[in-house]
Asks: 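Can you keep this structure in mind? I'll have questions shortly.
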Amino acid sequence: SGVSAGVVAVDPFGTILLHNRSAITLLHLEAQETLVGMPLMKAMPAVEPLLAEMETRGERSIQQEVTHQAGDRQLTLLVRITAEKHAEEGGAAISRYVVTFDDVTELSVAQRRAAWAD
């Protein structure tokens with residue numbers, strides 16, 4: 001709960017199992033809303049291509065900036081997805097994904113301004 005980054009655990013089928021308070025704040029949802037039981041692709045549609053790329057390449061983790069529409073705001077989120085594998089099955093099957101993300105919108109704007117100034 002004390003982490004500023006949004007953290008979401010997702011089952012292998014894409015359903016959100018749990019999340020922290022920062023995930024609600026960063027996605028600009030109402031404080032009483034919960035993401036539990038919601039498909040990740042509904043909560044964060046921009047993450048779908050990352051998951052697909054990760055599975056295609058057989059990677060254990062992936063990190064990339066994505067654009068997320070939160071109400072009337074367009075956010076730039078730095079997203080990292082990590083696959084956790086079942087230990088008892090020799091580590092072959094994915095038991096869940098952990099998605100962490102930070103809002104880097106202001107940083108991106110500042111970098112663009114600096115580039116234009118140069």
Side-chain angles (χ1 to χ4, degrees):
S1 64
V3 178
S4 64
V7 180
V8 176
V10 181
D11 72 13
F13 307 105
T15 303
I16 297 173
L17 301 170
L18 60 94
H19 60 84
N20 67 352
R21 248 183 268 149
S22 294
I24 296 293
T25 303
L26 289 170
L27 296 175
H28 295 270
L29 300 172
E30 298 296 323
Q32 70 274 14
E33 286 187 68
T34 183
L35 299 172
V36 174
M38 180 185 292
L40 177 64
M41 299 319 146
K42 182 178 178 191
M44 298 178 71
V47 173
E48 185 171 12
L50 286 178
L51 269 176
E53 182 180 341
M54 190 171 127
E55 290 172 357
T56 301
R57 293 185 353 201
E59 300 286 333
R60 187 160 185 268
S61 68
I62 192 168
Q63 180 174 306
Q64 188 172 323
E65 283 187 9
V66 300
T67 302
H68 175 75
Q69 192 68 36
D72 60 345
R73 291 194 63 207
Q74 185 169 320
L75 306 174
T76 301
L77 301 177
L78 179 60
V79 178
R80 180 175 180 86
I81 304 172
T82 303
E84 292 185 357
K85 300 191 176 187
H86 289 288
E88 65 274 1
E89 295 178 19
I94 294 173
S95 63
R96 79 181 124 241
Y97 296 97
V98 177
V99 180
T100 58
F101 53 96
D102 270 307
D103 183 356
V104 294
T105 305
E106 296 302 319
L107 178 61
S108 295
V109 169
Q111 287 173 338
R112 279 194 293 268
R113 284 184 186 145
W116 279 105
D118 286 347

Asks: What residues form a salt bridge (Lys or Arg N to Asp or Glu O under 4.0 Å) with E84, not counting sequence neighbours?
Replies: R96
Asks: Do you reckon V66 sits in the same ILVMFWY cluster as M44, going by side-chain contacts under 4.5 Å, direct or chained?
Replies: yes
Asks: Which of these, H68, R73, Q69, sits in a side-chain contact (heavy atoms from CB on, under 4.5 Å) with H28?
Replies: R73
Asks: Closest heavy-atom contact between V47 and M41?
Replies: C-SD, 4.4 Å
Asks: Measure the shortest side-chain to side-chain distance between L17 and V36 over non-hydrogen atoms and say whether it is less than 4.5 angstrom.
Replies: no
Asks: Return the set of residues passing salt bridge (Lys or Arg N to Asp or Glu O under 4.0 Å) with R57 (not counting sequence neighbours), or none when no residue passes.
Replies: E53, E59
Asks: Using side-chain contact (heavy atoms from CB on, under 4.5 Å) as the criterion, point out the one residue from V7, T82, V10 that pairs with V99.
Replies: V10
Asks: Could you state the interatomic distance from CZ (R80) to CD (Q64), rounded to the nearest 0.5 Å?
Replies: 12.5 Å
Asks: If you look at every heavy atom in P12 and S95, which pair is closest and at what distance?
Replies: CD-O, 3.3 Å
Asks: For residues M38 and L29: do they belong to one hydrophobic cluster (side chain heavy atoms under 4.5 Å, members Ile, Leu, Val, Met, Phe, Trp, Tyr)?
Replies: yes
Asks: Rounded at 0.5 Å granularity, tell me how far OG in S22 sits from CG in D103.
Replies: 11.5 Å
Asks: Atom OG1 in T105, atom CG in L77: separation rounded to 0.5 Å?
Replies: 6.5 Å
Asks: Over all heavy atoms of both residues, which pair between N20 and A5 is shortest? Give the atoms and the distance, please.
Replies: ND2-O, 2.9 Å
Asks: Counting N and O atoms only, with roles assigned by atom type, does the side chain of D102 sit under 3.5 Å from a partner on the main chain of L26, one being a donor and the other an acceptor?
Replies: no
Asks: Give, for atom OG1 of T56 and atom CD1 of I62, the distance between the pair rounded to the nearest 0.5 Å.
Replies: 9.5 Å
Asks: Do V98 and V8 share a hydrophobic cluster, counting only Ile, Leu, Val, Met, Phe, Trp and Tyr and linking them when any side-chain heavy atoms are less than 4.5 Å apart?
Replies: no
Asks: Determine, using the 4.5 Å side-chain heavy-atom cutoff (strictly less than), whether F101 and L18 are members of one ILVMFWY cluster.
Replies: no
Asks: Can you spot which of I81, T15, L51, L35 makes a side-chain contact (heavy atoms from CB on, under 4.5 Å) with L40?
Replies: L51
